[in-house]
Amino acid sequence: MRSDEYLIELRDVCVYFTERVGLFGKRVTKALDHVNLGIRDNDVIAVVGESGAGKTTMGRVILGLQRPTSGLALFKGKDIYSLRGREFEEFRRSVQWVPQDPYSSLDPSLTVGEQLMAPIRRWNPKVNAETRAEELLRLVGLVPPSFYMNKYPHQLSGGQRQRVAIARSLASNPRLIVADEPVTMIDSSLRIGFINTFIELMHRSSLSLVFITHDLALARILLLKSGRGRVVILRNGRIVEEGDINEIISNPKDEYTKVLINAAPDLKRWLKNREEGV
Amino acid sequence: MPLLSVRNLNVEYRLPDLKIAVKALKGVSMDINKGEIVSIVGESGSGKSTLALAIMRMLKPPAVIKGGNVYYNGVDLLSLSEHEFNLKYKWVKVSMVPQASQNIFNPTMRVKDHFLDTARAHGISDEADVLKRASEVLEFTKLDPARVFNLYPHQLSGGMKQRVAIALSLLLNPELVIMDEPTAALDVVTQMEILKLVKMINEELGTTIIFITHDISIVPMVASRVIVLYNGEVMEIGATEDVIIDPKHPYTKALVQSTPSLSSSPEEVRPIPGEPPNPLEDIQGCPFWPRCQYAMDVCKVEKPREYNINGRVVRCHLYEK
C-alpha cells in the first residue's frame with residue numbers, strides 16, 4: 001500500500017524520555033518503541049494497554065503534539081513536522097482530540113455555546129457559529145440545544161460535559177478523532193451510551209476514530225458495534241498484538257494479552273465459571 | 001446481631017448560597033454481619049462515600065446528619081462523645097481506606113512516619129512497637145517493610161500506595177474496614193492483585209470489609225453480598241450471586257445490562273436511558289422512575305417500601321401484591 005493512502009501513518013516511531021539521575025547518569029524511558037501504525041479514512045482503532053504502556057503518548061504523536069525521537073509521523077504521506085502553511089492547517093483541522101478529563105478540559109468561565117463557537121469561528125468563519133454550535137450539540141445527543149447553549153460546565157453532569165468535549169472536537173469537521181480514555185470519568189451505565197454517540201457520528205459522516213482505553217470489554221463493544229476496525233495492544237511502548245478483537249480475545253498470541261484478558265472483570269465469565277464449578 | 005447496623009440514616013449537604021439542602025442519604029438502612037465482605041455499589045452521587053464518612057463520623061460541614069443511627073455491636077456510634085468514639089472505635093474497631101488513596105499521603109513524610117503518626121493520633125507512642133506492627137501489616141500486604149519504610153509517597157507506584165493505605169487501615173487490628181473505591185485509579189492487572197489482597201485480609205485475619213465501588217463487574221470477585229445504592233437510597237440488597245443472576249430492581253437490572261463482558265453481543269449491552277439524577281432536584285416517589293422502563297403512576301408519587309423476597313431486600317412498587 002502506498003503510504004499516501006493513509007490519513008496518518010506512524011513509521012517506526014520511537015519516543016524516548018531521558019531523565020537525569022544524579023550528576024552524570026541518565027535514565028531512558030521508552031514510551032514508544034518502534035511503533036508502526038496506519039490509519040485510513042473510516043478506520044476504527046482501539047488502543048488497549050495498562051497505565052504506562054504508552055497509549056497517551058501514541059495519541060499525542062498522532063495529534064502532532066509529541067515529536068518522535070526517531071521515526072516518522074506522516075499525514076497523507078508527508079512528515080507532520082515538514083508541513084507548513086495550508087498543509088499544516090489542513091492537518092490541524094483534520095485531526096482532533098477528545099481529552100480524558102472533561103472536568104478540567106472545558107473552560108469553566110465560558111458557556112457551552114461559547115466553548116463551541118470559538119473553534120467554529122476559527123475553522124469556518126463563514127458559517128453562522130450559533131447555528132452550527134446547536135447542530136453539534138444535537139449531533140452528540142444534547143437536546144434541545146438551546147437548553148445547553150447558555151449553561152456553564154459546572155451546571156452539567158460528567159456525561160454531559162464529555163459530550164460537550166466531543167461536540168467541540170467536531171467543530172473543525174475533522175476526519176480523525178483521537179479519544180483518550182474518554183469514558184473513565186463517566187458512570188459505567190453511561191459508557192455504552194457514549195460509545196453509541198461515536199458510532200452514530202461515524203455512520204453520519206466519514207470519520208476515523210482512535211479510541212484509547214484500558215477496558216478491553218468496552219473496546220470490543222465499540223469495534224463490534226462499528227462493524228470495522230481493529231484492536232492494538234500496547235505494552236511498554238511496543239505493539240504486542242494487532243488485529244480482529246474477537247480473534248485476539250479467543251486466541252491471544254502474546255503472554256501479556258492473556259494477562260489483560262484474564263484480569264478483565266467479566267460478569268458473564270464469572271457466571272459461566274460458577275456453573276461449571278471452577 | 002449484625003456487627004454494624006445502619007438505621008434510617010439521613011444526611012444533607014447544606015448549600016447556603018443556594019439556600020437549599022441537598023439530600024445525600026435518604027433513610028438508608030443496612031446490616032453488615034461479622035466476617036463478611038459486603039459491596040456497596042452505586043454510581044457517582046449515589047451517596048457511597050457519604051455513607052462511609054458518616055459511619056466513620058468524619059463528615060464535615062456543610063454535611064449534616066439529619067437523623068438515624070449507626071449501631072456497632074448494639075452501641076449507637078452517633079450518640080457517643082467525639083472523645084469516646086475516637087478512643088474506643090475510630091481505627092481501633094472501625095477503620096477506613098479512603099477514596100483516592102493515591103493522594104491521601106503527606107508528600108513530605110516517609111511511609112514509616114505515616115504509621116507512627118497514625119499510632120500517635122491514637123495515643124500509642126512506643127515507636128518500636130508501632131514499627132513492629134507496621135512491618136507485620138506491610139508484609140501482609142506483600143510489601144517489603146525494610147524497603148518501603150523510608151520511601152516518600154512519590155516514590156511509590158499506584159498499586160504500592162494502595163497497599164500502604166490498606167496496611168495503614170489494618171495498623172490497630174480493626175474488626176471492620178471500610179474501603180472506598182480501593183481499585184478506582186488502577187489498571188486491570190493491579191486491580192486484580194488488590195482484589196485478591198482484600199479477600200485474603202478477610203479470610204486470614206477475619207476482618208469484616210465494606211467494599212465500596214462504582215463498578216458492578218468487580219463485585220463478584222470479592223463480595224458475598226451486595227447493597228445497591230441509587231441517589232442516596234437503597235434499591236436492593238442480596239447475595240451477590242442472586243443479585244447478578246436475577247436482579248429484582250429495575251435499576252440493578254439496567255446496571256448489569258449496561259456492563260459489557262468480553263463475550264457480550266453488542267445488542268445485549270445497553271446504556272441506562274436518561275441522565276443520572278441531578279442532586280439539586282428532589283425527585284418525588286422512587287428516585288429511579290424517570291429512567292425506569294417499568295415506571296407506573298404510583299412510582300412518581302410514592303416512595304416504594306421495602307419488600308422482602310427470599311431473603312432479598314428490594315424497594316420497588318413492582319413487588320406490591
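A note on names: the letters A, B, ... follow the listed sequences, proteins ahead of strands, and every chain is numbered from 1.
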Task: Heavy-atom closest contact (A:A264 atom, B:V188 atom, distance) - done: CA-CG1, 4.5 Å
- [ ] Measure across A:K225 and B:V269 and return the closest heavy-atom pair with its distance rounded to 0.1 Å.
- [x] NZ-O, 4.1 Å
Open item on the list: Is A:I249 in contact with chain B via its backbone, its side chain, both, or neither, using a 4.5 Å heavy-atom distance?
Closed with: side chain
Task: Heavy-atom pair with the smallest gap, counting every atom of A:L271 and B:I245 - done: CD2-CG1, 3.2 Å
Open item on the list: How about CZ on B:R147, more than 12 heavy atoms from neighbouring residues, nucleotides or ligands closer than 6.0 Å, or not?
Closed with: no
Task: Exam field: side chain A:R220 to backbone B:S264, donor-acceptor pair closer than 3.5 Å - done: yes
TODO: Check the surroundings of atom NZ in A:K30: do more than 12 heavy atoms from other residues, nucleotides or ligands lie under 6.0 Å from it?
DONE: no
Open item on the list: If you count heavy atoms of other groups shown closer than 6.0 angstrom to CG of B:N310, is the number above 12?
Closed with: no
Task: Region of A:N196 that comes under 4.5 Å of a non-hydrogen atom in chain B - done: side chain
Open item on the list: Measuring from atom CD1 of A:I192 to atom CD1 of B:I272, what distance do you get when rounded to the nearest 0.5 angstrom?
Closed with: 11.0 Å
TODO: Give the member of B:E241, B:Q257, B:E267 that has the highest number of heavy-atom pairs under 4.5 Å with chain A.
DONE: B:E241
Open item on the list: Less than 4.5 Å to any heavy atom of chain B: does that hold for the side chain of A:I261, its backbone, both, or neither?
Closed with: both
Task: Gap between atom CH2 of A:W270 and atom CD1 of B:I218 - 0.5 Å precision - done: 13.5 Å
- [ ] Without swapping roles, check the side chain of A:D266 against the backbone of B:L262 for a donor-acceptor pair under 3.5 Å.
- [x] yes
Task: For A:N262 against B:M192, the heavy-atom pair lying closest together - done: O-CE, 3.7 Å
Open item on the list: Need one label for B:L195: side chain, backbone, both or neither, based on atoms under 4.5 Å from any heavy atom in chain A.
Closed with: neither
Task: chain B contact via A:L216 - side chain, backbone, both or neither, heavy atoms under 4.5 Å - done: both
TODO: Check the surroundings of atom NZ in A:K258: do more than 12 heavy atoms from other residues, nucleotides or ligands lie under 6.0 Å from it?
DONE: yes
Open item on the list: On a heavy-atom basis, which atom in B:P271 and which in A:G193 lie closest, and how many Å separate them?
Closed with: CB-N, 3.5 Å
TODO: Taking all heavy atoms of B:S217 and all of A:L267, pick out the closest pair and write down the distance.
DONE: CA-CD2, 3.8 Å
Open item on the list: Please classify the contact between B:Q191 and chain A as side chain, backbone, both or neither, with a heavy-atom cut-off of under 4.5 Å.
Closed with: side chain
Task: salt_bridge(A:K268, B:E268) N-O dist < 4.0 Å - done: yes
Task: Heavy atoms from other residues, nucleotides or ligands near CZ of A:R228 exceed 12 (cutoff 6.0 Å) - done: yes
- [ ] With the side chain counted from C-beta on, respond yes when B:M221 and A:P265 share a heavy-atom pair under 4.5 Å apart, and no when they do not.
- [x] yes
Open item on the list: Which one wins on heavy-atom pair count under 4.5 Å against chain A: B:S258, B:P220, B:G158, B:P273?
Closed with: B:P220
